[in-house]
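As structure tokens, the structure follows; a few thoughts come after it.
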Amino acid sequence: MAPLSQTGFRLIPAALSVGAQAALLTEVLARVAQAPFYRPVTPGGKPMSVEMTNLGPLGWVTDAGGYRYQPTHPQTGEPWPDIPQALLDLWAEAAGAGAPPDACLVNLYREGARMGLHQDKDEADFAHPVLSVSLGDTAVFRLGGVSRRDPTASVRLASGDVCVLAGPARLAHHGIDRVLVGSSRLVPGGGRINLTLRRAGPGPG
Ligand code: MD6
Ligand code: FE
């Protein structure tokens with residue numbers, strides 16, 4: 001089946017108005033001041049091109065110890081800041097009435113950053129969807145299937161777009177081939193910020 005029509009993949013273009021994008025970015029950047037972006041290293045020792053931080057009780061990290069969720073920022077040792085209410089509301093609207101998210105990974109793409117094809121599979125229960133919000137420059141998102149060898153297709157994610165991986169698409173491979181530099185003026189200093197909301201830990205629902 002063509003991946004973009006795969007059951008469980010949903011793209012909601014312009015889910016956030018320009019005003020809502022700016023308000024959300026302000027809330028996110030205030031939290032980034034407490035939990036700065038850092039450049040993670042893969043378990044194999046390669047620095048990623050994407051810079052990361054997290055919001056919420058749990059945050060996704062990678063280092064020589066592997067991929068995992070943890071409650072504190074690896075550099076400051078402090079708990080991650082809270083998830084803005086606007087994101088919790090968006091999850092309730094777009095991802096359903098199940099358990100609320102307990103993790104929000106914040107990815108920063110400056111010029112040249114990309115993200116290789118991967119599955120989101122470090123969460124306790126794949127019954128919960130993953131919801132992503134894009135802010136700033138447009139990205140070329142590649143979506144495949146559960147098998148790495150499945151065919152892939154690409155779709156552009158623009159500022160304010162929301163996409164959801166749920167059901168059969170929850171474990172689909174996906175990645176960011178490239179970001180179209182200068183396509184938006186939203187992010188100070190340029191680039192793209194992507195927020196992915198997850199239910200990472202075991203828990204209600
Ligand atoms: C990104 N997104 O858009 C990377 N994961 O920068 C993801 O890795 C992702 O967009 C799970 C569900 C939706 C996503
Ligand atoms: Fe992902």
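Indexing begins at 1, ligand by ligand and atom by atom, following the structure's order. Note that this is a predicted model, so its numbers are computed, not measured.
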**OP:** Could you check whether the rings of W80 and H73 sit parallel, tilted or perpendicular, using 30° and 60° as the cut-offs?
**Re:** tilted
**OP:** Could you check D63 against R68 for salt bridge (charged side-chain N to carboxylate O under 4.0 Å, His left out), going step by step and ending with a plain yes or no?
**Re:** CA-CA 9 Å; D63 57 22; R68 64 190 179 279; 2.8 Å; yes
**OP:** Check D120 and report its N/O/S atom nearest to the Fe ion (ligand 2), by atom name.
**Re:** OD1
Subject >> Contact atoms of ligand 1, heavy-atom distance to H118 under 4.0 Å >> reply: 8 (O)
**OP:** Identify, for atom 11 (C) of ligand 1, the protein heavy atom at the shortest distance, and state residue, atom and that distance.
**Re:** D120 OD2, 3.1 Å
Original post:
Does N194, backbone or side chain, put an N or O under 3.5 Å from an N or O of ligand 1?
Top reply: yes
Original post:
Is there a donor-acceptor contact under 3.5 Å from the side chain of R148 to the main chain of L117?
Top reply: yes
Original post:
Taking E123 for the side chain and R199 for the main chain, is one N or O donor matched with an acceptor at less than 3.5 Å?
Top reply: no
**OP:** Please indicate whether any nitrogen or oxygen in S132 is less than 3.5 Å from any nitrogen or oxygen in ligand 1.
**Re:** yes
Subject >> Closest protein heavy atom to atom 6 (O) of ligand 1, given as residue, atom name and distance to 0.1 Å >> reply: Y109 OH, 2.4 Å
Original post:
How far apart are the C-alpha atoms of H174 and H118, what are their side-chain angles, what is the distance that settles it, and do they pass the ring pair (Phe, Tyr, Trp, His ring centres under 6.0 Å) test?
Top reply: CA-CA 5 Å; H174 58 277; H118 67 276; 4.1 Å; yes
Original post:
In ligand 1, which numbered atoms sit nearer than 4.0 Å to a non-hydrogen atom of I176?
Top reply: 1 (C), 3 (O), 4 (C), 6 (O)
**OP:** May I have the angle between H174 NE2 and H118 NE2 with its vertex at the Fe ion (ligand 2), rounded to 10°?
**Re:** 80°
Subject >> Residue, atom name and distance, where the atom is the protein heavy atom closest to atom 5 (N) of ligand 1 >> reply: H174 NE2, 2.7 Å
**OP:** Look at atom 3 (O) of ligand 1 and find which of R170, R198, M115, R192 reaches it with the closest heavy atom.
**Re:** R192
Original post:
Would you find a donor on one side and an acceptor on the other, under 3.5 Å apart, between the side chain of D161 and the backbone of A15?
Top reply: no
Subject >> Pairing of D137 and R178 as salt bridge, 4.0 angstrom limit >> reply: no
